[in-house]
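Quick notes on the structure that follows.
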Amino acid sequence: MRVNIKAASTVLLLSGTLFGGCNQATGPMEDSSDTPTSGAINISVDETFEPILKSQIDTFQKLYPAARVTAAYKPEEEVMRDLLANKARVAVLSRQLNPAEQAEFERLKIVPRTARLAVDGLAIVVHPSNPDSMLTVAQLRSIFMGNTQEWSQVSGKKGLGSINVVFDTNRSSTTRYVQDSLLQGKALTKRVFAAKSNPALLDYVATHPNTIGIVGVNWISDRDDKAVQGFLKNVRIVSVSAQANPQKPDDYVQPYQAYLALKTYPLRREVYLISREARAGLGTGFASFSAGNKGQLIVLKSGLVPATGQMRIIDTNKR
């Protein structure tokens with residue numbers, strides 16, 4: 001990734017570029033004691049992105065010791081409620097505002113500002129003993145809808161029995177993505193339940209051979225992280241093909257950074273920072289940092305795809 005890293009103060013001075021200028025709306029009264037690099041604020045984060053946001057916050061606070069960013073990691077619906085209720089000045093989500101939310105901000109006379117943080121994906125995970133490690137989008141759709149209920153229907157191999165589907169939490173962005181993007185609004189299978197968190201989901205799949213789970217790539221993408229290494233020892237990442245009738249193993253891909261960048265992995269989504277600040281306060285400073293040069297290098301290191309900058313992808317199979 002070719003990135004011109006300048007001084008951190010310069011990154012924050014460019015906040016107008018990232019957020020489209022000064023917000024002229026009045027909005028509710030805010031604490032004006034903070035600046036882009038000092039003070040204390042609360043932000044609300046889709047818990048799917050907890051690892052990457054912890055890295056962003058940790059680095060930001062080391063660079064700016066006078067700043068304190070407190071993040072609450074919650075299901076997507078709760079994150080948006082926090083932003084609308086002014087319990088959080090910045091929200092991190094896998095979608096932009098819908099018309100109803102935009103209308104509510106207009107009623108409040110607030111012009112929210114949005115910046116792209118990263119390209120993320122959703123990984124399909126199964127037990128290491130499961131032989132069905134290559135699935136098409138059509139097969140996943142059939143499983144999540146409940147049309148395919150036995151593992152023997154997938155590959156013809158017997159032994160694993162009924163398919164149980166597990167998601168991270170209730171009202172999560174993962175569940176919404178599957179229902180909206182994969183199932184086109186159709187109902188989920190009745191053989192589905194929610195774990196309490198993404199780590200709990202991974203632990204459950206690791207101990208239940210007949211289970212299939214869907215987890216944010218952010219939880220398994222940083223191969224240098226010891227927690228990620230532990231997860232990957234206990235689950236198998238499924239390779240997914242968008243083709244209806246794939247002919248060869250190369251038609252299936254895993255949610256690696258390069259395949260997310262090239263858009264060949266089908267279960268992709270974007271990550272957004274949404275700020276409700278009516279001035280250039282600490283929320284704007286943190287969001288600008290995350291969407292700026294140094295923050296994007298953190299995204300690159302995490303195994304996700306930076307929203308800005310250029311990635312150089314090298315095909316190591318060529319000789």
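All residue numbers in this chain count up from 1 along the given sequence. This structure is a prediction, so every number in the text was calculated from the model and none was measured.
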Is it true that T169 and E47 share a donor-acceptor pair across their side chains at a distance under 3.5 Å?
yes

Can you tell me how far the CZ atom of R191 sits from the OG1 atom of T211, to the nearest 0.5 Å?
9.5 Å

Look only at the side chain of R276 and the backbone of L83, and say whether a donor-acceptor pair between them is shorter than 3.5 Å.
yes

Under the side-chain contact (heavy atoms from CB on, under 4.5 Å) rule, what do L304 and V119 come out as? Steps first, then yes or no, please.
CA-CA 6 Å; L304 299 184; V119 176; over 6 Å; no

Quick one: does E78's side chain have a donor or acceptor within less than 3.5 Å of a partner on P75's backbone?
no

Are the side chains of V192 and V166 in contact, using a 4.5 Å heavy-atom criterion?
no

Within one Ile-Leu-Val-Met-Phe-Trp-Tyr cluster: L201 and L188, side-chain cutoff 4.5 Å:
no

Do W151 and D132 come close enough that some side-chain heavy atom pair is under 4.5 Å?
yes

Decide side chain to side chain donor-acceptor pair (under 3.5 Å) for S162 and E150; before the verdict, give the C-alpha distance in whole Å, the side-chain angles of both, and the deciding distance to 0.1 Å.
CA-CA 4 Å; S162 299; E150 302 286 329; 2.9 Å; yes

Between D82 and S44: side-chain donor-acceptor atoms closer than 3.5 Å:
yes

Could you tell me if the side chain of T59 sits less than 4.5 Å from the side chain of K62, heavy atoms only?
no

Should the ring pair F144 and F167 be called parallel, tilted or perpendicular, given that the plane angle runs from 0 to 90° and is split at 30 and 60?
tilted

Determine yes or no for a side-chain-to-main-chain donor-acceptor pair under 3.5 angstrom, with W219 supplying the side chain and T48 the backbone.
yes

Quick check: is V154 connected to V137 through a chain of hydrophobic side chains (ILVMFWY, heavy atoms under 4.5 Å apart)?
yes

One pair to check against salt bridge (charged side-chain N to carboxylate O under 4.0 Å, His left out): K196 and D168. What are the steps and the verdict?
CA-CA 6 Å; K196 293 181 179 180; D168 44 5; over 6 Å; no

When you check the side-chain N and O atoms of S181 and R176, is any donor under 3.5 Å from an acceptor?
no

Within a radius of less than 6.0 Å around CG of N245, do more than 12 heavy atoms belonging to other residues, nucleotides or ligands occur?
no

Assess whether a salt bridge exists between R268 and D120, defined as any Lys/Arg side-chain N lying under 4.0 Å from an Asp/Glu carboxylate O.
no

Would you check, one step at a time, whether the test side-chain contact (heavy atoms from CB on, under 4.5 Å) holds for K294 with L63?
CA-CA 11 Å; K294 289 184 180 293; L63 287 171; 4.0 Å; yes

To the nearest 0.5 Å, what is the distance between CG (L140) and CE (M145)?
13.0 Å

Given side chains that start at C-beta, do those of T136 and Y252 come closer than 4.5 Å, heavy atoms only?
yes

Any donor-acceptor N/O pair, D46 side chain to F49 backbone, under 3.5 Å
no

Do the side chain of D58 and the main chain of K54 share a donor and acceptor less than 3.5 angstrom apart?
no

At their closest point, which heavy atom of L282 faces which heavy atom of A40, and how far apart are they?
CD2-N, 3.8 Å

Kindly indicate, with the supporting measurements, whether the criterion side-chain contact (heavy atoms from CB on, under 4.5 Å) is fulfilled by Q56 and V299.
CA-CA 8 Å; Q56 296 280 359; V299 172; 3.6 Å; yes

Hey, is the main chain of G230 close enough, under 3.5 Å, to the side chain of N234 for a donor-acceptor pair?
yes

Interatomic spacing from OG in S55 to CG in L297 - rounded to 0.5 Å
13.0 Å

If I compare all heavy atoms of V69 with all of Q61, which pair ends up nearest, and what's the gap?
N-OE1, 2.7 Å

When rounded to the nearest 0.5 angstrom, what distance separates OH in Y265 from CG in L260?
8.0 Å

Heavy-atom pair of closest approach, residues Y177 and P266
OH-O, 3.6 Å

Between I212 and I124, is any pair of side-chain heavy atoms under 4.5 Å apart?
yes

Is the backbone of G281 close enough, under 3.5 Å, to the side chain of E277 for a donor and an acceptor to pair up by distance?
yes

Using the rule given for side-chain contact (heavy atoms from CB on, under 4.5 Å), can you reason through F286 versus I43, listing the C-alpha separation, both sets of side-chain angles and the distance that settles it, and then say yes or no?
CA-CA 10 Å; F286 174 72; I43 69 171; 3.8 Å; yes

Side chain to side chain, F231 and P199, heavy atoms closer than 4.5 Å:
yes

Heavy-atom nearest pair, S197 first then A200, reads OG-N, 3.1 Å

Under 30°, 30 to 60°, or over 60°: which ring-plane class applies to H208 and Y204, parallel, tilted or perpendicular?
parallel

Is it true that D34 and R89 make a salt bridge, defined as a side-chain N closer than 4.0 Å to a carboxylate O?
yes

Are V205 and L267 connected, step by step, through hydrophobic side chains (Ile, Leu, Val, Met, Phe, Trp, Tyr) whose heavy atoms are closer than 4.5 Å?
no

I237 reachable from V178 in the ILVMFWY side-chain graph, under 4.5 Å edges
no

If we only count heavy atoms from C-beta on, is the I163 to Q149 side-chain gap below 4.5 Å?
no

For the atom pair CD1 (I143) and CD1 (I214), what is the distance rounded to the nearest 0.5 Å?
11.0 Å

Would you please test K74 and E50 for salt bridge (charged side-chain N to carboxylate O under 4.0 Å, His left out) and show each step?
CA-CA 9 Å; K74 301 180 178 183; E50 183 174 340; over 6 Å; no

Keeping the roles fixed (side chain from S239, backbone from V253), state whether a donor-acceptor pair exists under 3.5 Å.
no

Is it the case that atom CZ in F105 sees more than 12 heavy atoms from other parts of the structure closer than 6.0 Å?
yes

Nearest non-hydrogen partners of I274 and P112, listed with the distance:
CG2-CB, 4.2 Å

If we count only N and O atoms by modelled type, under 3.5 Å, do the side chains of S173 and R269 hold a donor and an acceptor together?
yes

Under the salt bridge (charged side-chain N to carboxylate O under 4.0 Å, His left out) rule, what do R95 and E76 come out as? Steps first, then yes or no, please.
CA-CA 9 Å; R95 65 174 179 84; E76 180 182 82; 3.5 Å; yes

With a 4.5 Å cut-off on side-chain heavy atoms, are V240 and L135 touching?
no

Closest approach of V79 to A91 (non-hydrogen atoms, all atoms of both residues):
CG1-CB, 3.7 Å

Taking NZ in K87 as the centre, count heavy atoms belonging to other residues, nucleotides or ligands within less than 6.0 Å. Is the count above 12?
no

If you measure from CD on Q257 to CZ on R223, what distance do you get to the nearest 0.5 Å?
11.0 Å

Look only at the side chain of R236 and the backbone of N130, and say whether a donor-acceptor pair between them is shorter than 3.5 Å.
yes

Quick one: do I41 and L273 end up in the same hydrophobic cluster if we chain Ile, Leu, Val, Met, Phe, Trp and Tyr together by side-chain heavy atoms under 4.5 Å apart?
yes

Is the side chain of E77 donor-acceptor paired with the backbone N or O of R171 at a distance under 3.5 Å, no angle test?
no

